[in-house]
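Before any comments, here is the structure.
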Protein chains: 2
Amino acid sequence: MAAARTRRSQRRTEALSRERIVEAAVELLDATGEGGLTFRALTERLATGPGAIYWHVANKGELLDAATDAVVAAAVTVGPAGSAGSPQQGMRAVALGLYEAIDDHPWLATRLAVQLARSPWGPVAPRIFEGIGRQIRALGVPESHWFTATSVLMHYVLGAAGQNAANAASARALAPGVDRAEFLGTVSAAWERLDPDDYPFTRAVADQAREHDDLEEFLAGIDLVLAGITALHLPGTTGPATTQTAAPPGRIRD
Amino acid sequence: MAAARTRRSQRRTEALSRERIVEAAVELLDATGEGGLTFRALTERLATGPGAIYWHVANKGELLDAATDAVVAAAVTVGPAGSAGSPQQGMRAVALGLYEAIDDHPWLATRLAVQLARSPWGPVAPRIFEGIGRQIRALGVPESHWFTATSVLMHYVLGAAGQNAANAASARALAPGVDRAEFLGTVSAAWERLDPDDYPFTRAVADQAREHDDLEEFLAGIDLVLAGITALHLPGTTGPATTQTAAPPGRIRD
DNA sequence: ACCTGAACACCGTTCAAGT
DNA sequence: ACCTGAACACCGTTCAAGT
């Protein structure tokens, strides 16, 4: 309704709104990183004064939260419970969605960490938790393990995706045309220069770090966690020798 | 040598040094959080001017990095390769060391995320990687899996420990005397108020979230990952049905 | 109801000057 | 070599004033 008149106002002014502000914030974060999001830059981009922004948004923290939530929401499409394909494929789809979102918006990794660490009950945590948890449920994991399994996967996915984005950003920063492999070689070389007495393991692993493909590594980690879930909840298997699964761990602090 | 004269200078002035500055920064972070660490507060605490601090430290980022590294170094004592006890106990000891460090210094969770996302080749990442990796090696994991297994555990441990610290901090902030269980009840209640159509899984899990013991949950997650490692590398087991472990995953983006 | 923009308090950092 | 402290540029936020 009233669609005829909308055309003219689009060009210059287009009336400020919370959505437009958040949209501009995301663009600014993508272009200049978290340090580049200032009210000065934002007012310039939106052609207004700071007061106008504060009318729609309480403060900078809320703006960052809204930008984070908007990007995450777009990345993990909650959708109807039953998508096509196997649960494993569903899990990969959700994980890759987050992986690519963080790859496209490198500031997201840090912001997610900050936000999950500040208010786990905000809108972002449930979004990610739900997206991963549904796949866990579809895998046939018993309900008693749902929380643990989903938590492990969530933390791994976010951490590893953030690490990947960091590698990508560092490679870009080192020199415009630097190859990703070349950059990983630099890191690997740095690790090989560590003290042999203090860092024997890290040095030994430096080679693998050089050659690995990030996406493949990411998926291998997910497979590892899924294997653990299966091993723990399938009564048929001999039960892993490494760990007493059912017995309560008990406190072993000092 | 020259031990006799050291007494007098300790009280008031005690000569500024990088170590003293980092020490004061950690104290300030512990007392007031990341927002409380300012050069103003720091100069007051150290009874100097900002110029004196800048003589020992390049900028605030370097100071935060140094504070983070100091706390992590104290938490994961690298020590001689072979400690007492089983590899599983060793793994728990390392994980609990980080868990407690983040619990004692809540700002550490966010700062580790920032720092690992910015410079994975800095001193902090190898410290944590080495501490966890040695236990992986001691568990008999084949070398080809070292990198994946250590990465998964590192991301999980840091993420889950940060989450725990966040819960603790939020419980404290909600009201001085609020019980941890009471706070988790609040979060659980918030999750149960989510839209049933969009968040069926999260709502179903809200109960578990209310009742769980954080430390127990943390250790259960580690057991899960260890079970996955065992399942993947032990040729004896029937191989988990959920995932094709050996076959290269291949790109499945869209 | 929504926006303007000058003003304020505070921050990280610099630097000429001291010892 | 090490420290002082005034000064600078920039930041998030406020608020009286407009429409």
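Sequence lines set the chain letters: A, B, ... in the order given, protein chains first and strands last, and positions in each chain run from 1. Atom set for the values below is all heavy atoms of this structure, side chains included, hydrogens, waters and symmetry mates excluded.
The side chain of B:Ala52 has D:dT4 as its nearest neighbour among D:dT13, D:dG5, D:dT4. The listed nucleotides are D:dC11, D:dA6, D:dT14; the one nearest the side chain of A:Thr38 is D:dC11. Candidate nucleotides D:dG5, D:dG12, C:dC11 were compared by shortest atom distance to the side chain of A:Phe39, and D:dG12 ranks first.
Atom CD in A:Glu62 sits roughly 15 Å away from atom P in D:dG12 (whole-Å rounding). The separation between A:Leu46 atom CG and C:dC2 atom C1' is 15 Å, rounded to whole Å. A:Arg40 has its CZ atom 11 Å from the P atom of C:dA6, to the nearest Å. Atom CZ of B:Arg18 and atom C1' of D:dC2 are 16 Å apart (whole Å). Look at CG on A:Leu42: it is 16 Å from C1' on D:dC10, rounded to the nearest Å. If you take CD1 of A:Ile53 and C1' of D:dG12, they are 11 Å apart, rounded to a whole angstrom. Here D:dA1 presents its P atom at 22 Å from OH of B:Tyr54, a figure rounded to the nearest Å.
Between A:Asn59 and B:Gly49, the one whose closest nucleotide on DNA chain D sits nearer the 5' end is B:Gly49. Nearest-nucleotide positions on DNA chain C for B:Gly51 and A:Ser17 put A:Ser17 closer to the 5' end.
Checked for salt-bridge contact, A:Asp195 and A:Arg203 miss the test: no charged N lies under 4.0 Å from a carboxylate O. Under the 4.0 Å criterion applied to side-chain N and carboxylate O atoms, A:Asp198 and B:Arg127 are not assigned as salt-bridge partners. Checked for salt-bridge contact, A:Glu192 and A:Arg210 meet the test: a charged N lies under 4.0 Å from a carboxylate O.
For the P atoms, the distance from C:dC2 to D:dA17 is 22 Å, rounded to whole Å.
When only modelled atom types and interatomic distance are considered, A:Ser151 and B:Glu217 share no side-chain donor-acceptor pair under 3.5 Å.
When heavy atoms are screened at a 4.0 angstrom cut-off, A:Leu37 is found touching the sugar-phosphate backbone but no base atom.
For C:dC3, one of the phosphate oxygens OP1 or OP2 lies less than 4.0 angstrom from a side-chain nitrogen or oxygen of A:His56. Dashed line: the shortest gap from a side-chain N or O of B:Trp55 to OP1 or OP2 of D:dC3 is not under 4.0 Å.
In this entry D:dT4 has C:dA16 as its Watson-Crick or G-U wobble partner, both defining distances falling under 3.5 Å.
Atom CD of B:Glu44 is surrounded by 12 or fewer heavy atoms from other residues, nucleotides or ligands within 6.0 Å.
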